[in-house]
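The analysis underlying the following values was restricted to heavy atoms, covering all of them including side chains, and did not include hydrogens, waters or symmetry mates. Just so you know, these numbers come straight off a predicted model, no measurement behind them.
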Amino acid sequence: MKYYFILTDGKDAWMQFVYLPSGDYVSGYIRDLRSVGVSVHDYDLWTKDTRPIAERTLENIRQRMNFK
């Protein structure tokens with residue numbers, strides 16, 4: 001299944017796509033990201049319905065980062 005993750009590292013925000021066999025693997029993936037200093041702001045399955053939500057969320061995070 002294709003998941004999207006909205007990530008930040010203190011300097012930038014981006015969307016990353018990852019194929020995972022099931023939702024059971026998501027928590028381990030998030031744990032790995034956090035262990036290297038990457039924050040996870042949102043994630044879900046990537047579908048035609050979740051795409052606009054993900055894009056708006058990413059834009060909102062980028063705007064907030066620009067105001068700091």
Side-chain angles (χ1 to χ4, degrees):
M1 296 192 270
K2 184 177 182 180
Y3 288 85
Y4 74 86
F5 292 82
I6 297 177
L7 310 171
T8 61
D9 63 0
K11 299 176 188 171
D12 196 13
W14 68 96
M15 191 179 321
Q16 183 166 317
F17 299 97
V18 178
Y19 286 92
L20 297 171
S22 74
D24 297 339
Y25 291 83
V26 170
S27 61
Y29 184 70
I30 291 172
R31 188 173 37 254
D32 291 346
L33 289 168
R34 289 181 176 159
S35 73
V36 295
V38 175
S39 297
V40 179
H41 295 271
D42 190 25
Y43 70 91
D44 202 345
L45 285 171
W46 182 253
T47 67
K48 66 179 179 75
D49 295 328
T50 61
R51 180 179 178 169
I53 296 165
E55 290 171 346
R56 277 193 310 269
T57 301
L58 178 60
E59 185 58 33
N60 288 338
I61 290 169
R62 284 182 172 159
Q63 287 177 1
R64 279 188 277 154
M65 290 180 76
N66 286 332
F67 286 117
K68 290 184 178 181

Which atom pairs, donor and acceptor, lie under 3.5 Å between side-chain atoms of residues 5-25 and protein residues at least two apart or in another chain?
unit_1 : atom_1 : unit_2 : atom_2 : d
Thr8   : OG1    : His41  : NE2    : 2.7
Asp9   : OD1    : Lys11  : N      : 2.9
Asp9   : OD1    : Asp12  : N      : 2.9
Trp14  : NE1    : Gln16  : OE1    : 3.4
Gln16  : NE2    : Tyr29  : OH     : 2.3
Ser22  : OG     : Asp24  : N      : 3.3

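Among residue pairs with one or both ends in residues 52-62, those qualifying as salt bridge (Lys or Arg N to Asp or Glu O under 4.0 Å) are Arg51-Glu55; sequence neighbours excluded.
Linking Ile, Leu, Val, Met, Phe, Trp and Tyr residues whenever their side-chain heavy atoms come within less than 4.5 Å places Trp46 and Leu58 in a single cluster. Note on Met65: it does not cluster hydrophobically with Leu33, by side-chain heavy-atom contacts below 4.5 Å among ILVMFWY residues.
Taking OG1 from Thr47 and CG from Leu45, the interatomic distance works out to 7.0 Å, rounded to the nearest 0.5 Å.
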Tyr3 vs Asp44, side chain to side chain contact (heavy atoms under 4.5 Å, CB included): CA-CA, chis, key distance, verdict: CA-CA 6 Å; Tyr3 288 85; Asp44 202 345; 5.7 Å; no

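With sequence neighbours left out, Tyr4 forms a side-chain hydrogen bond (donor to acceptor under 3.5 Å, both in side chains) with Asp42.
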